[in-house]
Amino acid sequence: MNNLLIVESNNDKYFIEALLKHINISIEIDSPVYTIDEYECLGGISKLENKLKSLKSQVLKNGINKIGIIFDADSAGIESRTLEIQQKIDLVFGEMPELAFSIHILNVDGTGELETLLKAIKSKASPMADCLDAWQQCLSLNNKALKAKDFDKFWINIYHRFDCCSKKEQKQAGCKCNNEASLKKSIYDFDKQELNPLKHFLKKLSTA
Amino acid sequence: MNKHFIQEIQIKDFKCFDDFKAEGFGRVNLIGGKNNVGKTAFMEACYINVYAQDIKSFVRALESIKFRRENLNILFGLKVNRQQFIEYSNHIFVASNINNTSFEIKDNQGIKTYHFEFNKQLVVVNVNEFSFERTSIPNIEFIDNFGLSNIEITTNYSSVQKQDKEDSLNAILKAFDSSIEAFKIIDEKPQCKTNGQYREVSEFGDGVRHLISIVTSLYATENGYLFIDEMDNGIHYSLLDDLWANILVLSKKLNVQVFATTHSKECIESFNRAQQALDDKESRYFELARNIKTNQIFMRDLDSEQLEYELTHQGKYRGE
C-alpha cells in the first residue's frame, strides 16, 4: 500500500505533521496545492484540478493506491466543498478502480478553515489575541468589515507571536514565531474532541 | 495544426518501448524524464516514421540512428557495418497520423529477407540482393547532444543564405555571446568572427556549435521536422529564454515541427516562460516516465498552464 495525503497550504501541512506525530501515524504528505502565495488559498479549490493532474502521473510512477485530501470548509460548508472536490477528482481521474480517494473537510460547526480549528484547540492563555475581539467590534462600529476567515488568520498570528513566543523569540519572530515553528510547540491541545473526525480520517488513511 | 505534423504515434518493439502510444503533440514539443526512460529513443522512432518516405530514405533513417549512437566509437576506430546498423532496428513498428513504418528481418530456410513497410507499401527484399543505397531527406534533421558536424552545418547554412537570414543568425549569436561579430562558412568550415578575426567554431565552447546547429537546422527544415537531443547542452541557463523564443518564433514562421529533450529544470522553466510570453498554444511539454506496476513507459502531456503550476508548486514532472 502506498498512500498520499494532499493538503491545501503549507500551514495545513505543518498542522497535519504535528498531529500525525501526536497520534504516532506516518503518512506521506505531498507538496501542498498552494505553495507560493498564502493568499492564493483564498480562491477556494481553483488550483485543485492542476494538483490532481500532477498526481495522476505520480499514481502511475509511484504506485499510489489511496489519496487523502484535506481542504477547508470555508463558508461553502462540508457538503458543498466535498462535492466540489469529488467533481474535480471525477474530471481528472475518471475511472481508475485501483485508486481510492478519501476527503476530509476541516471545519468547526460545519464551516471555517484551519485557523478556526486551531483557535478552537489552543491550549495557552491568549490575552493578546483575545483583545482582537474588541478591535473587531471597533471595526464594526466604524463600518469596516473583516471576514471571519481573515480575522481567524490574524488571531492565530497574534497568538503565535505575542502569546506563545518569548521576548527573546520575538526578536527572531520570522523564524521562531511563524506557523511552522509554532505548530511544533505545545501550544495546541491535540486531544480536543474537535480533532476526533480528523484523527479518524488519518488513521483510516494510514491503514487502508 | 499543420497536416504534416505528428499528432499521435504508436511505437512497438523498439528499444525500451514494447507497445507505446502517445498523442497531443504540437508544433514544438519538449520532452523530459529520467535517464534511460526513452527520450532519445522516442525521438528516433518519430524520426524514422517521418523519414521513411521510400526504401532508400528508410535505410538512411535506420542506419543514421545507430550511427549517432556509435559516434564516439566510430571516432575511435569502430568500422561502420551498414548492414549491422540497419539490422539493429529489427522488428521496429512505428505508426503515426503521418506514416506507418515497420522493418523486420525474416529467415526462411536460410533465405534472409528484409520486410519494409512505409507509405502504405510493403516491400520485401532478399538481403543478398539489397543495395543498401540511401538518400537523405533535406528538411528532416536530428541534432544529437554534440551538435552537428561541420559538413552538416555548412549544408544547413545554405538554407539560411537562400532565405537571406545571415543577419538574423548573426543577431542570435551576438545575443548568445556579445564577442561574436559574425558567422560565415570559410573554406567549408563554420567560423565565427571575434575581435575582427574569423576562428573555427570548434575553437569555441560546445554551446556555440549547438546553437548554430539548432538555428541553421530550423531554416534547413522548413516545412519539415527537427529533433534536438539534450537541447540545452553547453548553453548557459540565462540564454535559454532567448533560445526558446527563437525556436518558437522560427518554427512557427518556417512551419517546422520540433521535438527536443532535456534533463534540466531551468530549460523547462525557460520553455514555459517563452511559450507564455508568446502565447504559443502549439507548444507542449511531455513527461516520459515508467509505470511502476506495469513497467510500461507512458507519456503525460502538460499544457503551459499545467506546466507553470507544476514548476511553481514543487511538481514532479521529470519522471521522478
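All chains are named by letter (A, B, ...) in the order of the sequence lines, taking the proteins before the strands, and each is independently numbered beginning at 1.
Contacts of B/Arg290 with chain A are made by backbone atoms alone, with heavy-atom separations under 4.5 Å and no side-chain atom involved. Proximity to chain B is absent for every atom of A/Lys56, based on heavy atoms less than 4.5 angstrom apart.
With values rounded to the nearest 0.5 angstrom, B/Lys293 atom NZ is found 8.5 Å from A/Asn2 atom CG. If you take CG on B/Leu307 and NZ on A/Lys53, they are separated by 12.0 Å, rounding to the nearest 0.5 Å. With rounding to the nearest 0.5 Å, the separation of CG in B/Leu288 from OG in A/Ser57 is 10.5 Å.
Side chain of B/Tyr309 to backbone of A/Val33: a donor-acceptor contact under 3.5 angstrom is found.
Checked against A/Ser31 for a side-chain contact (heavy atoms from CB on, under 4.5 Å), the options B/Glu310, B/Lys316, B/Gln314, B/His313 give a single hit: B/Gln314.
Heavy-atom neighbours of A/Asp109 CG from other residues, nucleotides or ligands within 6.0 Å: at or below the threshold of 12. Environment of NZ in A/Lys192: crowded, with over 12 heavy atoms of neighbouring residues, nucleotides or ligands closer than 6.0 Å. The environment of CG in A/Asp133 is crowded: more than 12 heavy-atom neighbours from other residues, nucleotides or ligands sit within 6.0 Å.
Across every non-hydrogen atom of B/Ile292 and A/Asn62, the tightest pair is CG2-C, 3.7 Å.
The residues A/Lys61 and B/Glu287 are annotated as salt-bridged, a charged nitrogen and a carboxylate oxygen being separated by less than 4.0 angstrom.
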